[in-house]
Amino acid sequence: MTIELPVTNNAFARDILTVAQLNQAVGQLLERSIPALWVRGEISNFTQAASGHWYFTLKDSRASVRAVMFRSRASAVGFVPRAGDQVEIRARVSLYEPRGDYQLQADAMRRAGLGNLYEAFLRLKEQLASEGLFDPARKREPVRLPRAIGVITSLHAAALRDVLSALARRAPQVPVIIYPAPVQGADAANKLAAQLRLANERAEVDTLLLVRGGGSIEDLWSFNDEDLARQVAVSEIPVISGVGHETDFTIVDFVSDLRAPTPTAAAELACAPRAELLGRVMQTLQTMVRGQQRRLER
């Protein structure tokens with residue numbers, strides 16, 4: 001694709017320009033001459049600033065270009081890219097005038113080669129958000145002292161072993177009930193939703209963990225299902241999602257009462273640790289002993 005850049009800015013007609021004037025003129029020329037476009041490449045040098053802005057380099061085997069994605073746009077992406085990820089970004093070409101570096105200002109990002117899936121993800125996300133399903137006001141805090149915890153996942157998943165190990169270490173006194181369902185495949189979303197309904201019908205746990213390990217967007221796609229998301233939203237039992245790795249986001253994460261970055265983290269958020277409870281008991285006991293001693297002295 002060839003893009004012609006007609007030089008029409010009056011700044012170029014002057015005899016002598018300052019560096020700032022030159023960069024300003026070049027920036028205006030780039031912004032006017034090149035429309036917003038999609039660019040594919042590999043992420044490198046990714047930095048997520050404290051402000052929420054993303055700074056990264058987009059490269060292929062022959063060239064690279066710096067890029068920035070401001071917080072308002074980055075928050076709508078649905079995942080946090082990592083070095084080596086192949087992505088497609090919709091961006092405008094601009095010039096960072098203080099350094100004279102040309103860069104891309106990204107407005108949207110999706111995983112390369114998965115445009116249709118990602119667009120479907122964004123459409124459903126926007127629809128459910130407009131219905132208020134992501135509203136923080138409707139989310140509930142999980143019970144700190146649950147009588148039992150339910151886990152919805154595959155019996156063969158590594159995520160289940162991680163959750164059970166974390167709960168055994170953190171709160172061995174809390175019973176765990178497993179609601180088995182596949183976490184990947186054509187019918188996985190329906191079976192996950194069915195187990196969620198079953199857990200609500202039985203009402204035998206105070207908190208539900210909906211978990212699976214990491215994977216590609218296709219592997220996690222069951223957790224982007226609309227029916228499953230709506231079942232999570234109407235669940236009478238608070239739901240903690242722990243799907244994938246810290247940088248993975250699914251529709252279920254936005255709808256659930258609490259999102260954990262990993263299955264293990266979901267288990268840790270599900271209840272207070274036994275050591276903390278024992279410490280509080282000992283503190284209360286010591287207070288009672290001191291009170292009794294004062295009464296005896298009087």
Side-chain angles (χ1 to χ4, degrees), residues 78-80 139-185 187-225 227-229 231-278:
F79 68 95
V80 178
K139 297 179 182 292
R140 299 156 296 177
E141 285 290 330
V143 178
R144 288 283 289 168
L145 301 175
R147 58 196 168 111
I149 295 172
V151 183
I152 304 176
T153 193
S154 169
L155 291 175
H156 308 291
L160 177 60
R161 295 193 295 273
D162 293 342
V163 166
L164 294 178
S165 175
L167 289 175
R169 180 178 64 254
R170 185 178 180 84
Q173 77 281 2
V174 179
V176 179
I177 299 175
I178 301 169
Y179 301 89
V183 293
Q184 185 175 337
D187 201 35
N190 291 335
K191 292 182 177 178
L192 288 166
Q195 291 293 63
L196 186 58
R197 287 191 294 268
L198 178 63
N200 275 270
E201 290 169 5
R202 290 183 177 176
E204 56 195 349
V205 299
D206 291 326
T207 304
L208 283 169
L209 307 184
L210 185 56
V211 298
R212 74 146 284 161
S216 66
I217 189 172
E218 300 103 316
D219 296 336
L220 304 179
W221 194 249
S222 298
F223 295 86
N224 291 321
D225 180 78
D227 181 56
L228 176 59
Q231 289 298 323
V232 171
V234 300
S235 173
E236 294 293 331
I237 304 171
V239 177
I240 302 176
S241 65
V243 180
H245 302 301
E246 186 170 358
T247 55
D248 296 318
F249 285 88
T250 65
I251 296 296
V252 162
D253 291 324
F254 295 107
V255 180
S256 62
D257 294 285
L258 192 60
R259 184 248 174 187
T262 63
T264 299
E268 292 173 348
L269 292 171
C271 58
R274 182 172 182 267
E276 176 187 316
L277 298 177
L278 289 175

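What you see below is based on every heavy atom in this structure, not just the backbone, and it leaves out hydrogens, waters and symmetry mates. In this text, all values refer to a predicted model and were calculated from it rather than measured experimentally.
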Next on the checklist: Pair Lys139, Leu258 - check side chain to side chain contact (heavy atoms under 4.5 Å, CB included), show working.
Outcome noted: CA-CA 8 Å; Lys139 297 179 182 292; Leu258 192 60; over 6 Å; no
Item to check | Candidate pair Asp253 and Thr250, rule side-chain hydrogen bond (donor to acceptor under 3.5 Å, both in side chains), full reasoning | outcome: CA-CA 5 Å; Asp253 291 324; Thr250 65; 3.3 Å; yes
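Checking side-chain atoms of Thr153 against main-chain N and O of Val211 turns up a donor-acceptor pair under 3.5 Å. One N or O on the side chain of Asn200 and one on the backbone of Leu196 form a donor-acceptor pair closer than 3.5 Å. Formation of a donor-acceptor pair under 3.5 Å by the Arg140 side chain with backbone atoms of Pro142 is not found in this model.
Distance check: Asp206 CG to Ile237 CD1 gives 7.5 Å after rounding to the nearest 0.5 Å. The line from CG of Leu228 to CD of Gln195 is 11.5 Å long, rounded to the nearest 0.5 Å.
Contact record, Arg161 with His156: NH1-O, 4.1 Å, taken as the closest heavy-atom pair. Here the shortest heavy-atom pairing between Phe249 and Phe79 reads CD1-CA, 3.6 Å. Contact detail for Pro182 and Ser154: the closest heavy-atom pair is CA-CB, 4.5 Å. Scanning both residues, His245 and Gly214, for their nearest heavy atoms gives NE2-CA, 3.6 Å. Between Ala171 and Ala272, the shortest heavy-atom contact is CB-O, 4.1 Å.
Side-chain atoms of Val163 and Leu209, non-hydrogen and from C-beta on, do get closer than 4.5 Å to each other. Looking only at side-chain heavy atoms (C-beta outward), Ser241 and Val255 stay at 4.5 Å or farther from each other. Asp219 is listed as a side-chain neighbour of Arg212, based on a closest heavy-atom distance under 4.5 Å. With contacts defined as side-chain heavy-atom distances shorter than 4.5 Å, the pair Glu268/Arg169 qualifies. Looking at Tyr179 and Val205, their side chains come closer than 4.5 Å, going by heavy atoms from C-beta outward.
Among Val151, Ile240, Ile152, the single residue meeting the side chain to side chain contact (heavy atoms under 4.5 Å, CB included) criterion with Leu210 is Ile152.
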